[in-house]
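Remarks on the structure that follows.
Both ligands and their constituent atoms are indexed starting at 1 by order of listing. It should be emphasised that the depicted structure is a prediction, and the values quoted were computed from it without experimental measurement.
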Amino acid sequence: VNIELINTGAELLLGRTLNSHQQWLCRQLADRGHLVSRQVCVDDSSASIQRAVRDALEHADLIITTGGLGPTADDRTRDLVAGILSRKLVEDPTIVRQLEDFFARRGLPITSRVRRQALVPEGAIVLPNPNGTAPGLAIEVAINPFHLEGRPAWLIMLPGPPREMRPMFTASVLPLLAQKFPPPQPFVCRTVKSIGIGESMVEEMIHAPLRHLIDAGLELAYCARTGEVEVRVSALGEQAAALVSEAETVIRALLGKNVFGADDEELESAVIGLLTERQQTLSLAESCTGGLIAHTLTNVPGASAVFVAGFVTYSNEAKQRLLGVDEETLRQHGAVSEPVAREMAEGARGANGTDFALAVTGIAGPDGGTNDKPVGTVFIALAGPEETLVLKKLNPYDRETFKLVTTRQALDMLRRKLAG
Ligand code: ATP
Ligand code: MG
């Protein structure tokens, strides 16, 4: 299947919005064995969109557009595509009713602009949008006058807002693809995620032991992220499931506790999952991460069952007042020190009556480093029922990366403890 992706929106080309659809859609498709062969990003002007769609129709079997389905004047995708394919736009009564409902529930009047979203090119399949007003559209271009070899195509239009586009893709587009473009042979893909070891080390640990599977057709790829390494294994054909599953077993066995999950599983959801399983609670005392650990954990649905409270104690005074850190400890060792991290964690644990408490204190930079404690130095403490552990790390990055990496290290410290 030749797949082309068209992302529309001036904001993408002005660098004001990151084109996350490109990455997200390509990944979703690739994980199901569909490789996107071309992706273009264009502004919202009629000429740009028309040209992009016509160009794509020349080669592609499947074209996915994003953006420009809304009610405003710069939302032109629907009209332009209908024009290119010489289809009449007809009002879809179901969509009209949904729009009326949507606006009635919010006590808002429905305008003619809004009603435009109920217009559907003749013959199009409507993809429901439970998270917004503009539905997606899928059109079978059975007779494609643009294709160089006269092949038919499917053209799918998705809305711009990620929180509308992603669920729609999952709920409506994937089933449609499975039906219209069934893979010629089985494709299986799995991403195993690890933390705490570098990419080259991961490769060294697993590459040779996977050799026989690679020779049998397994594809192996590494992707390094901030503090994490993803290993993607995939295979095609009758043996695909067996190859991928054996590869996962080998990788998990060799990387051991460094593996925290697979596919869409995140480190924070692994931590929340382990705490929930063990019915244990957590509190936080954050200095240099400024609340990022609490933010990360609270992104996980169900975090409230195990996460009790987080302090952001940036000043020494707050560390004393809220966590009971000893003034003498601060004077003797400085705020960025092992004893202070320990007292912070124990203070948070005591104040909240939780099973565990994590604390971080460090020097984010760019100033404030010394020979002894260079910029990037951080102490991470984990207070638990039996003992308090403290790790010293060096994360000499820009402030944002420093916070991100420190957050992952702290969560990982707890994960390893919980995993036993
Ligand atoms: P709306 O009904 O909100 O107008 P729409 O389908 O017309 O939806 P756009 O107007 O193109 O979509 O985009 C709406 C918003 O969605 C943009 O402001 C932007 O924040 C986000 N968005 C659009 N395209 C992308 C993209 N490729 N990557 C990330 N975000 C995007
Ligand atoms: Mg719009």
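Note: an N/O pair closer than 3.5 Å links Pro161 and ligand 1 by distance alone. For a threshold of 3.5 Å applied to N or O pairs, the pair formed by Gly70 and ligand 1 contains at least one separation below that value. Close N/O approach between Asn19 and ligand 1 is found [any backbone or side-chain N/O within under 3.5 Å]. Taking only nitrogen or oxygen atoms, main chain and side chain alike, Asp44 does not reach within less than 3.5 Å of ligand 1. Here's the thing with Thr72: none of its N/O atoms is less than 3.5 angstrom from an N/O atom of ligand 1. Ligand 1 has no N or O atom lying under 3.5 Å from any N or O atom of Gly67, backbone or side chain.
Remark: side-chain polar atoms of Arg78 are not paired, donor with acceptor, to backbone N or O of Leu137 under 3.5 angstrom. At distances below 3.5 Å, not a single donor-acceptor pair connects side-chain atoms of Ser172 with backbone N or O atoms of Phe169. Put simply, the side chain of Arg408 never gets that close to the backbone of Leu404: no donor and acceptor are under 3.5 Å apart.
For the ligand labelled ligand 1, residue Gly9 lies outside the 4.0 Å heavy-atom shell. Heavy-atom separations between Pro71 and ligand 1 include at least one value shorter than 4.0 Å. Ligand 1 lies within reach of Leu18, whose nearest heavy atom is under 4.0 Å from it. The closest approach between any non-hydrogen atom of Ala134 and ligand 1 is not below 4.0 Å.
Heavy atoms of Asp75 found under 4.0 angstrom from ligand 1 belong exclusively to the side chain. Contact annotation for Glu11 and ligand 1: only side-chain heavy atoms (C-beta onward) come within less than 4.0 Å of the ligand.
Using a 4.5 Å heavy-atom threshold, the side chains of Pro152 and Val141 count as separate. The shortest side-chain heavy-atom distance between Arg76 and Thr8 does not fall under the 4.5 Å cut-off. When side chains are defined from C-beta on, Gln28 does not count as touching His34, because their heavy atoms never get closer than 4.5 Å. Contact check for Leu411 versus Phe260: no side-chain heavy atoms found under the 4.5 Å cut-off. Residues Val325 and Thr313 have side chains not in contact (no heavy-atom distance under 4.5 Å, counting atoms from C-beta outward). Gln22 places none of its side-chain heavy atoms less than 4.5 Å from the side chain of Cys41.
With no hydrogens or angles considered, no side-chain donor-acceptor pair links Glu266 and Asn299 at under 3.5 Å.
Here is the list of ligand 1 atoms found below 4.0 Å of a heavy atom in Gly160: 5 (P), 6 (O), 12 (O), 13 (O), 16 (O), 21 (C), 22 (N), 23 (C), 24 (N), 25 (C), 31 (C). Heavy-atom proximity to Pro159, at under 4.0 Å, picks out these atoms of ligand 1: 6 (O). Counting atoms of ligand 1 from 1 in the listed order, those under 4.0 Å from a heavy atom of Thr17 are 29 (C), 30 (N). Under a 4.0 Å criterion applied to the non-hydrogen atoms of Ser20, ligand 1 contributes the atoms 28 (N), 29 (C). Of all atoms in ligand 1, listed by their number and element, those nearer than 4.0 Å to a heavy atom of Gly68 are 5 (P), 6 (O), 7 (O), 9 (P), 11 (O), 12 (O).
Expressed to the nearest 0.5 Å, how far CG of Asp355 lies from CD of Gln279 amounts to 10.0 Å.
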